[in-house]
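Heads up: the structure comes next, in structure tokens.
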Amino acid sequence: MFKKILIANRGEIALRVLRACRELGIKTVAIHSEADETAMHVRMADESICVGPASAQSSYLNIPAIITAATLTNVDGIHPGYGFLSENQRFAEIIEEHNIKFIGPHSNHIKIMGNKIDAKKIMDENNVPTVPGLNDISDIKNIKNFIKNVKLPIIVKAASGGGGKGMRVVSKSDEIENAINSAKAEAKKSFNDDKVYLEKFLTTPKHIEIQILSDAHGNVITLGERDCSIQRKHQKLIEESPSELLSNEKRKEISDLCKKAVSSIGYEGVGTLEFLYEDDNFYFMEMNTRLQVEHPVTEMVTGIDLVKEQILAASGEKLKISQSDIQIKGHSIECRINAEHPESFIPSPGKITQYHQPGGLGVRVDSAVYQGYSVPPHYDSMIGKLITYADNRKECIARMNRALEEYIIMGINTNIQLHQKIIMSEEFKSGKYDINFMSTFN
Ligand code: MV4
């Protein structure tokens, strides 16, 4: 078992990992930038070490500084959290070369899933349904044929992409060449890899993802799904579990396929398979090889501490939970609380002059801010997550509304009221919303 873990992150996820470590009796080392000296994750950790100036590039993404911190503090594990270096193959590799355990999958698996074409191939080989696509676009005849088969619109995607970069939707056949060329240029600039592929463009899908957990001994379980369709500009806003539209049969069918696929490559730790879901069909898009922001809704409906399980799995322990232990019970919703202007969505850093967070039955707040804290301008604007749990979806929504009402954050702008408007809308209440929800919401 680990004795001391370095947490290579900041904010609420650094606290989330720290809490899991505490419960497991593992000592913690926080890293921080010069702008984060007063951050809560620094205060709460057993030790802390400054890894560089304010900019993420010079601190939380500074691999040599982080490795030096890990060596100086003599840790035996590094948890990357999400974002920053969590899906950086080179970071995972270097950590292993220093005989420290990267708390995440093997670097090879980060690499494989980092290439969406390779990821789709693995899923395809395991009968996981993927979005109909064309990988080899060197011959225009193949492209013409593909379009004849799947019909326009299609979408051009970067093989190394994610978060919408290097993506182009094509609705007219004379736009294809331009779309491919500009997607390639953007992909080259963003990922230093200009490989792109084509997919049929689904116009009104939901974004549904499946959580998996596996150990180093070939045991894999799934923990149901999350509906993450409420998003804006590829930033998720609200996530929930279970999805209102999914039957138990459909859930089991897709979960079994996901398990088979991840065990075929010997994947270890937590992971998420992202799907588009349209007309009762799943279409695999990509796999995330990290702990995700929205993991709490899965924890609430399964009762499983995903971060503790992730750490135990990384230490080489056998999974103590089997699939038959997993029962999806009740309903959970997460609202991402951002420091941003409610209409323009422009980040709103600054000092929190008054702070009071909601509580009571079925309310969970994962946040690292406090009264008097100054939200620095250098990082993501998400300052916390409000998660509610109840017996059913209707009560969960009512509880979320009540909790949002209670939440007091003064001194900066937040999206708390926007969340209230969304969850009380008829479309959200129906559960039938898709990924286009926010583009028409006002
Ligand atoms: C798609 C799609 C429709 N059809 N692929 C957006 C981010 C990247 N991970 C993939 N994305 C999409 N791929 C096909 N074939 C629509 C999107 C998409 C989207 C997906 C999930 C959640 C929000 C989204 C917002 C815009 C576009």
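Order of listing sets the numbers, starting from 1, for every ligand and every atom in it.
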message = Using a 6.0 Å distance limit plus a 45 degree cone around the ring axis, check whether R232 lies over the aromatic ring of F345.
response = yes

Atom 8 (C) of ligand 1 has as its nearest protein heavy atom M167 SD, 3.9 Å

among protein heavy atoms, the one nearest atom 17 (C) of ligand 1 is I435 CD1, 4.2 Å

Checking heavy-atom distances from atom 26 (C) of ligand 1 to each of K206, H234, K157, the winner is H234

min-distance protein heavy atom vs atom 25 (C) of ligand 1 -> Q231 NE2, 3.3 Å

Around atom NZ of K250, are there more than 12 heavy atoms of other residues, nucleotides or ligands at under 6.0 Å? yes

Would you call E175 and K172 a salt bridge, taking side-chain N to carboxylate O under 4.0 Å as the test?
yes

Residue, atom and distance of the protein heavy atom nearest atom 9 (N) of ligand 1 read E286 OE1, 3.2 Å

Open item on the list: Other residues, nucleotides and ligands only: do more than 12 of their heavy atoms fall within 6.0 Å of CD on E96?
Closed with: yes

Among non-hydrogen protein atoms, atom 21 (C) of ligand 1 lies closest to H207 ND1, 3.3 Å

For residues 150-161, which side-chain N or O atoms pair as donor and acceptor with protein atoms under 3.5 Å away, sequence neighbours left out?
from: K151; atom 1: NZ; to: K148; atom 2: O; distance (Å): 3.0
from: K157; atom 1: NZ; to: E199; atom 2: OE1; distance (Å): 2.9
from: S160; atom 1: OG; to: D193; atom 2: OD2; distance (Å): 2.5

With heavy atoms and a 4.0 Å threshold, my read on which part of L276 contacts ligand 1 is side chain

- Query: Taking the six-membered ring of Y277, is NZ or CZ of R226 closer than 6.0 Å to its centre and within 45° of its axis?
  - Reply: no

Atom 15 (N) of ligand 1: closest protein heavy atom, distance to 0.1 Å, is K200 O, 2.6 Å

The protein heavy atom nearest to atom 4 (N) of ligand 1 is L202 N, 2.9 Å

For V131, the ligand 1 atoms with a heavy-atom partner under 4.0 Å come out as 15 (N)

Only residue of K329, K308, R16, K385 satisfying salt bridge (Lys or Arg N to Asp or Glu O under 4.0 Å) with E299 is R16

